[in-house]
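The block underneath contains the structure these notes are about, expressed in structure tokens.
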Amino acid sequence: MDILLIFLLIFSFTPFLLWGDNWKKTALGQIPFVIGAWFTFIKYVTVGIGPGEAYLWGIFIANLIYGHIAFTIVLLEMRKSIKVHQPMVQQNN
């Protein structure tokens with residue numbers, strides 16, 4: 001259960017990173033998944049999830065998938081910005 005909380009914390013922060021990198025539509029699209037995942041987690045911890053509420057795990061897993069995609073976008077954007085800002089090094093032959 002600790003790993004689920006760590007994933008929730010990381011992927012709850014991801015929309016802020018996406019917003020800062022001008023991926024505003026992707027950030028707004030992730031917010032409902034984050035809210036649904038937190039609802040699922042809190043419900044699971046407090047009263048449990050019954051067999052008829054298995055769709056809540058679907059929301060949670062969708063948040064994990066969406067969060068992984070968004071986090072990959074953030075890492076690729078960071079990598080691209082580092083390459084752009086790196087000075088060109090000339091080698092003397």
Side-chain angles (χ1 to χ4, degrees):
M1 174 140 66
D2 293 335
I3 199 78
L4 295 178
L5 186 60
I6 291 169
F7 275 131
L8 276 173
L9 292 173
I10 289 170
F11 296 137
S12 295
F13 188 67
T14 306
F16 296 111
L17 294 174
L18 288 171
W19 191 271
D21 283 340
N22 293 324
W23 287 80
K24 294 181 183 356
K25 290 181 183 178
T26 308
L28 291 175
Q30 189 179 4
I31 291 173
F33 290 104
V34 171
I35 292 170
W38 275 105
F39 174 76
T40 302
F41 181 76
I42 291 170
K43 184 163 175 38
Y44 175 72
V45 170
T46 56
V47 294
I49 295 177
E53 299 173 324
Y55 65 91
L56 290 175
W57 286 118
I59 293 171
F60 191 86
I61 292 170
N63 179 43
L64 290 178
I65 293 169
Y66 202 116
H68 273 90
I69 293 169
F71 200 70
T72 303
I73 290 171
V74 168
L75 291 177
L76 290 174
E77 288 293 319
M78 286 174 55
R79 182 178 174 194
K80 188 186 336 178
S81 69
I82 288 172
K83 283 185 177 181
V84 168
H85 296 300
Q86 238 177 8
M88 297 291 280
V89 177
Q90 295 179 350
Q91 295 180 358
N92 295 330
N93 291 330

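Residue pairs that meet the salt bridge (charged side-chain N to carboxylate O under 4.0 Å, His left out) test with at least one member in residues 25-42, sequence neighbours left out, do not exist here. Pairs engaging residues 6-15 under the salt bridge (charged side-chain N to carboxylate O under 4.0 Å, His left out) rule: none recorded [sequence neighbours left out].
Qualifying side chain to side chain donor-acceptor pair (under 3.5 Å) partners for Ser12, counting only residues two or more places apart in sequence or in other chains: Trp38. Every residue meeting the salt bridge (charged side-chain N to carboxylate O under 4.0 Å, His left out) condition with Lys43, not counting sequence neighbours, appears here in chain and number order: Glu53.
If you chain together hydrophobic residues whose side chains sit under 4.5 Å apart, Trp23 and Trp19 never meet in one group. Under a hydrophobic clustering in which Ile, Leu, Val, Met, Phe, Trp and Tyr are joined whenever their side-chain heavy atoms come within less than 4.5 Å, directly or via other members, Val45 and Val47 fall into different clusters. Leu5 and Ile49 fall within a single hydrophobic cluster, where Ile, Leu, Val, Met, Phe, Trp and Tyr side chains are chained together by heavy-atom contacts under 4.5 Å.
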In residues 55-75, what donor-acceptor pairs under 3.5 Å come from side-chain atoms, sequence neighbours left out?
from: Tyr66; atom 1: OH; to: Thr26; atom 2: O; distance (Å): 3.3
from: His68; atom 1: ND1; to: Leu64; atom 2: O; distance (Å): 2.7
from: Thr72; atom 1: OG1; to: His68; atom 2: O; distance (Å): 2.8

Listing, residues 27-37 side-chain donor-acceptor contacts under 3.5 Å, not counting sequence neighbours, or none:
from: Gln30; atom 1: NE2; to: Phe11; atom 2: O; distance (Å): 3.3

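Between Ile42 and Thr46, the shortest heavy-atom contact is O-OG1, 2.8 Å.
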